[in-house]
Amino acid sequence: LRQPLIIAYIFTGLIVGPAVLGFASSTALFETMSQIGIAFLLFLVGLNLNWRNIHEIGPVALLSGVGQVGFTSFVGFLIARSLSFGTVESILLGFALALSSTIVIVKMLSDKDDLDRLYGRISVGILLVQDLIAIIALLVISAFADGHQIGLVVATTLFKGLAALIVLWLVAKHVLPTLIRYAAQSTELLFMVALAWCFAVASALHLMGFGIEIGSLLAGISLAGTGFEREIGARVKSLRDFFLVIFFIVLGTNISPESFSVAVVPALIFSAFVL
C-alpha cells in the first residue's frame with residue numbers, strides 16, 4: 001500500500017493485543033525491549049549530531065521549538081474550551097497537542113536518510129526542545145500536585161541538567177577519545193564500549209529525571225567527534241531496527257478501539273488542527 005512500515009507495526013500490536021487476539025500478555029518484557037529500542041534510536045541520532053556543530057542549529061531549534069509549543073498550546077486550549085472541556089483539561093490537551101513523538105519522527109527521518117540534512121537536524125533540535133519543555137512542565141505539575149515549591153523544583157532540575165552537560169562535555173573532550181581509540185583495536189570491544197556508554201549515560205539521566213531519550217541522545221553526541229561514529233552506528237543499526245519493531249507493536253497493544261467511539265469528534269477536530 002506504499003505506507004510507512006510503522007503503520008503495519010502498530011496495526012500488528014492492535015491485533016495481537018488485548019483488544020483483539022490477546023497474544024501479547026507479557027507486557028513488562030515487551031515494554032522493556034521497546035525502551036531499549038528507543039535508547040538505540042536516539043543514540044544513533046546523537047552519533048550524527050556532532051556536538052561541535054550544534055551551535056549551527058541551536059538558535060533556530062530553540063526559537064522554533066519554544067514558539068511552536070506556545071502557539072499550539074494556546075490555540076489547542078481555545079479549541080478544547082470551545083468543545084466544552086474544563087479549564088484544566090483544556091490546558092493539558094493544548095499542551096499535549098504541542099508535543100511531537102520523537103520516536104516516530106526520528107524513525108521516519110532515518111528511513112528517508114534525511115537525518116543528516118539541514119531540515120532533519122533542525123527537526124531533531126526542535127524535538128529536543130519539546131522534550132525539555134515537557135520535562136519542566138511535568139515537574140511543575142507534579143510539584144503543584146504534591147504541594148512543593150514550583151520554583152525550587154524547576155531550579156533544582158535546571159541545575160542537575162547543567163551539571164550533567166558539563167560532566168558529559170568534559171568526559172567527551174578529555175576521556176572518551178582516548179578510550180574509544182583504545183577500544184577500536186577490536187571491533188567487538190568498540191561495539192561493547194559504545195553500548196556500555198549509551199546505557200550508562202541513559203541510566204544516569206533517567207535517574208536524574210530526564211528520561212532515557214535525552215540520555216541516549218547525549219551519549220551519542222558525546223561519541224560523535226571521536227572519528228569512529230560510522231563504525232559504531234553500523235553495528236548498532238540492526239539492534240535499533242529489531243527493538244524498535246517491538247516498540248511500535250507495544251504502542252499498538254495499548255490502543256483500545258472502544259476509545260475511538262467515545263471521543264471521535266474531538267479527536268478529528270484536534271487532528272485537523274495539528275495537521
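All heavy atoms count here, side chains included; hydrogens, waters and symmetry mates do not. Note that the structure is predicted; figures quoted are calculated from it, not measured.
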Does D241 form a side-chain contact (heavy atoms from CB on, under 4.5 Å) with V245? I'd like the steps, not just the answer. CA-CA 6 Å; D241 293 339; V245 171; 5.8 Å; no
Quick one: does any side-chain atom of [X] pair with a main-chain N or O of [Y] as donor and acceptor, under 3.5 Å?
| X | Y | value |
| --- | --- | --- |
| S82 | I79 | yes |
| Q185 | Y182 | yes |
| R81 | F85 | yes |
| Q130 | V69 | no |

Minimum heavy-atom distance [X]-[Y], with the two atoms named:
| X | Y | value |
| --- | --- | --- |
| G76 | L97 | CA-CD1, 4.0 Å |
| F43 | A194 | CZ-O, 3.8 Å |
| S100 | L127 | CB-CD2, 3.7 Å |
| A134 | F95 | CA-CZ, 3.9 Å |
| A202 | S216 | CB-OG, 3.5 Å |
| V236 | F191 | CG2-CE1, 4.1 Å |

Single-linkage hydrophobic cluster [X]~[Y], side-chain heavy atoms < 4.5 angstrom:
| X | Y | answer |
| --- | --- | --- |
| I232 | L195 | yes |
| V129 | L63 | no |
| L62 | V60 | no |
| L99 | F74 | no |
| L207 | L168 | no |

Is it true that atom [atom1] of [X] has more than 12 heavy atoms of other residues, nucleotides or ligands lying nearer than 6.0 Å?
| X | atom1 | result |
| --- | --- | --- |
| M33 | CE | yes |
| F273 | CZ | yes |
| F11 | CZ | no |
| Y119 | OH | yes |
| K237 | NZ | no |

Is the shortest side-chain heavy-atom distance between [X] and [Y] below 4.5 Å?
| X | Y | value |
| --- | --- | --- |
| F228 | R181 | yes |
| F247 | I38 | yes |
| E231 | T187 | no |
| I249 | I10 | no |

Check: Q68/T72 side-chain N/O donor and acceptor closer than 3.5 Å: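 T72 and Q68 do have a side-chain donor-acceptor pair below 3.5 Å.
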Between the side chains of S222 and W169, does any donor sit under 3.5 Å from an acceptor?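 Their side chains do not contain a donor-acceptor pair, so the 3.5 Å distance test is not met.
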Quick check for you: to the nearest 0.5 Å, what is the distance between [X] atom [atom1] and [Y] atom [atom2]?
| X | Y | atom1 | atom2 | value |
| --- | --- | --- | --- | --- |
| M208 | S203 | CE | OG | 13.0 Å |
| M108 | I6 | CE | CD1 | 5.5 Å |
| T12 | Y9 | OG1 | OH | 9.0 Å |
| T87 | L92 | OG1 | CG | 11.0 Å |
| L176 | L170 | CG | CG | 11.0 Å |
| L223 | I180 | CG | CD1 | 5.0 Å |

Verify side-chain contact (heavy atoms from CB on, under 4.5 Å) between L165 and L218, making sure each step is shown before the conclusion. CA-CA 9 Å; L165 287 176; L218 292 177; 4.0 Å; yes
Show the numbers, then the answer: is there a side-chain contact (heavy atoms from CB on, under 4.5 Å) between D114 and R117? CA-CA 5 Å; D114 282 351; R117 299 184 63 180; 3.2 Å; yes
Ring pair (Phe, Tyr, Trp, His ring centres under 6.0 Å) assessment of F40 paired with F199: CA-CA 9 Å; F40 285 146; F199 287 121; 5.6 Å; yes
